[in-house]
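Working notes, beginning with the structure itself.
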Amino acid sequence: MVILWKSMLIVLFLFFSIVPSCVSGHATSSPALSSVFVGGWVNWTYVYEPKLLRLPEEASVEHAHGIYIGNHDSDEGDIIITYKDAVNSSKCLLRWSGSEKYTELPEFLGPGEELCAGVPHGLSASVEENKTTFLYHANNQKALYKTTLDGQIIWKTLGRPTSGSTTPPNADKKELPFSPTWFASVEDSSSPYVYMADGYGSSRIYVYNRYNGTYAGKYFGGYGTEHGKFHTCHSISWDWRFQQMVVSDRENHRLEYFKVLDNSANSSASIFSYQDTMSFVPYLQRPCNIRIQKIEKTTKKGKEGNEGGIAIVPALEGTVGILSPSNQLLSVLNISDVLGDMGFLHPHDACFVPGTSGDFVLVTWNPGRIGYFRRLETTSISTTMTGRRHNDDGEDKAIKNIFLRMS
């Protein structure tokens, strides 16, 4: 009881000391605004910082879709956002400088309409030969791109996946439209493949050659509810904590984990082998993506190591979840309830900021919003809860592990 009262007092103190006296609903945040307390679960609580990641007048963000954040050791932690511009189809990439701490206006990147036409959607990064980082772009209008960090095109692939005479079964007019949503790659530069989620189309994962963008004649999944099938495989990510691919199976309300079996050009084995399913209903009902980052552990003595691989999951209905290294639910932020009047209604992608103790960047779908969220370091009370885990036999085990701890 004492612990609960202390928790309530902390939250009330934060609310009345941080919440601003005025809030704007415009896409471009005013520097005059103060931090907005968003909430969360105890020691994973956050404030929204409207002074950061401001938008230029030339950007008309209809839908904000994907995020890349560089490592502070390699490229000063620049933040790149891909979005759909409501006015100018030659604009879709913005970059804020990490060296300026995201306080200045961003610059526009890319070659214009060649990259931005259609609906730019998922954005993922891959460190490849010579430790060079490339970006992979999935465009809902049947377009795939590989670019440099400046948005310069390395290759582009337009239309349905074809490889000579090799075409996926039922890839005809009877099938749902081909509409790519996201890319992923294995953290191994020897792999010749990248994996593309056709989330708004066939609900398949297609395999492409990462060197030239050609379809590799391999695919996995398709529409369904059983393991290995999807209902809007909105994104695909590499989870280095488990050395597995994870698919955000949005309308099946789950994250599906798979081992990648054919990581060489000569393999003809099944692409993915099902391993596990995680679901966090009712907290995260429509997961759009999952990203993982090593978070610096900060104590009263300063920074002491890291907290391991912490994951962040934006859910389209309006929440954002923070997961522990073992995928326990550490915190839930109800973004749409707190910031909905400012347009933060439908979280679409979220990414931790390297070099911080858990700050993250969030973009929302409709209307398109871009925000920086700073983690508060005020208490050591913690709350965790696992999701519902499905084992290989299909048994649904609800693992409840809810506790409060005061150190």
Centre-to-centre under 6.0 Å for [X] and [Y], is that the case here?
X      : Y      : answer
Phe242 : Tyr257 : yes
His63  : Tyr83  : no
Tyr195 : Phe272 : yes
His121 : Tyr200 : yes
Tyr48  : Phe344 : yes

>> Assess the residue pair Tyr372 and Asp359 against the criterion (side chain to side chain donor-acceptor pair (under 3.5 Å)); give the C-alpha distance rounded to whole Å, side-chain angles, the decisive distance to 0.1 Å, and a yes or no.
In response: CA-CA 7 Å; Tyr372 188 102; Asp359 296 1; 2.8 Å; yes
> Between Lys91 and Glu58, does a salt bridge (Lys or Arg N to Asp or Glu O under 4.0 Å) hold up when you go through it step by step?
Replying inline: CA-CA 9 Å; Lys91 298 181 184 301; Glu58 300 86 349; over 6 Å; no
Backbone of [Y] reached by a side-chain donor or acceptor of [X] within 3.5 Å:
X      : Y      : answer
Ser235 : Cys288 : yes
Trp155 : Arg210 : yes
Glu256 : Gly228 : yes
Ser331 : Trp41  : yes
Ser90  : Gly112 : no
Asp198 : Ser202 : yes
Ser124 : Phe183 : yes
Ser237 : Arg291 : no
Ser203 : Gly222 : no
Ser324 : Ser326 : yes

Just wondering, do [Y] and [X] contact through their side chains at under 4.5 Å, heavy atoms?
X      : Y      : value
Tyr102 : Val353 : yes
Gln293 : Ile69  : no
Ser60  : Asn88  : no
Ile312 : Cys351 : no
Leu123 : Ile67  : no
Ile310 : Leu323 : no
Met196 : Val194 : no
Tyr283 : Val320 : no

Rounded at 0.5 Å granularity, tell me how far [atom1] in [X] sits from [atom2] in [Y].
X      : Y      : atom1 : atom2 : value
Gln285 : Leu316 : CD    : CG    : 11.0 Å
Leu115 : Thr147 : CG    : OG1   : 6.5 Å
Thr103 : Trp96  : OG1   : CH2   : 12.5 Å
Glu187 : Glu128 : CD    : CD    : 11.5 Å
Asp78  : Leu94  : CG    : CG    : 12.5 Å
Thr232 : Glu251 : OG1   : CD    : 4.5 Å

Where [X] and [Y] come nearest, the two heavy atoms and their spacing:
X      : Y      : answer
Ser185 : Tyr193 : CB-O, 4.3 Å
Ile290 : Val313 : CG1-CG2, 3.9 Å
Thr148 : Leu135 : O-CD1, 3.9 Å
Gly39  : Leu333 : O-CG, 3.9 Å
Pro287 : Leu255 : CB-CD2, 4.0 Å
Leu362 : Pro314 : CD1-CB, 4.4 Å

>> Under the criterion side chain to side chain donor-acceptor pair (under 3.5 Å), I'd like the reasoning laid out for Thr277 against His227: C-alpha separation, chi angles, the key distance, then a yes or no.
In response: CA-CA 8 Å; Thr277 295; His227 298 309; 3.3 Å; yes
>> Does Val363 form a side chain to side chain contact (heavy atoms under 4.5 Å, CB included) with Ile81? I'd like the steps, not just the answer.
In response: CA-CA 8 Å; Val363 297; Ile81 302 293; 3.7 Å; yes
>> Arg54 vs Glu49, test: salt bridge (Lys or Arg N to Asp or Glu O under 4.0 Å). Steps then yes/no.
In response: CA-CA 10 Å; Arg54 294 177 297 119; Glu49 299 287 7; over 6 Å; no
>> Checking Tyr68 against Thr133 for the side chain to side chain contact (heavy atoms under 4.5 Å, CB included) test, could you report, in this order, the C-alpha distance in whole Å, the side-chain angles of both residues, the deciding distance, and whether it holds?
In response: CA-CA 11 Å; Tyr68 163 76; Thr133 301; 3.9 Å; yes
>> For a salt bridge (Lys or Arg N to Asp or Glu O under 4.0 Å) check, start with the C-alpha distance between Arg254 and Asp249, then their side-chain angles and the critical distance, and finish with the verdict.
In response: CA-CA 5 Å; Arg254 64 193 186 186; Asp249 189 10; 2.7 Å; yes
> After noting the C-alpha distance and the side-chain angles of Arg241 and Ile292, does the key distance pass the side chain to side chain contact (heavy atoms under 4.5 Å, CB included) rule?
Replying inline: CA-CA 8 Å; Arg241 300 172 301 175; Ile292 301 95; 3.7 Å; yes
Looking at [Y], I'd like to know if the NZ or CZ of [X] sits under 6.0 Å from its six-membered ring centre while staying within 45 degrees of the ring's axis.
X      : Y      : value
Lys294 : Trp240 : yes
Lys146 : Phe134 : yes
Arg375 : Tyr46  : no

>> By the disulfide (SG to SG under 2.5 Å) test, which pairs, at least two apart or in different chains, include something from residues 102-146?
In response: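 The answer is Cys92-Cys116.
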>> The test is side chain to side chain donor-acceptor pair (under 3.5 Å); show your working for Asn130 and Thr132 and say whether it passes.
In response: CA-CA 5 Å; Asn130 300 318; Thr132 302; 5.2 Å; no
>> Applying ring pair (Phe, Tyr, Trp, His ring centres under 6.0 Å) to Tyr206 and Phe220, what does each step give before you reach the verdict?
In response: CA-CA 7 Å; Tyr206 290 110; Phe220 178 78; over 10 Å; no
> Does the side chain to side chain donor-acceptor pair (under 3.5 Å) test come out yes or no for Glu317 and Ser336, once each step is laid out?
Replying inline: CA-CA 8 Å; Glu317 72 273 9; Ser336 60; over 6 Å; no
>> If the test is ring pair (Phe, Tyr, Trp, His ring centres under 6.0 Å), which one of His65, His253, His348 qualifies with His234?
In response: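 Only one option passes, and that is His348.
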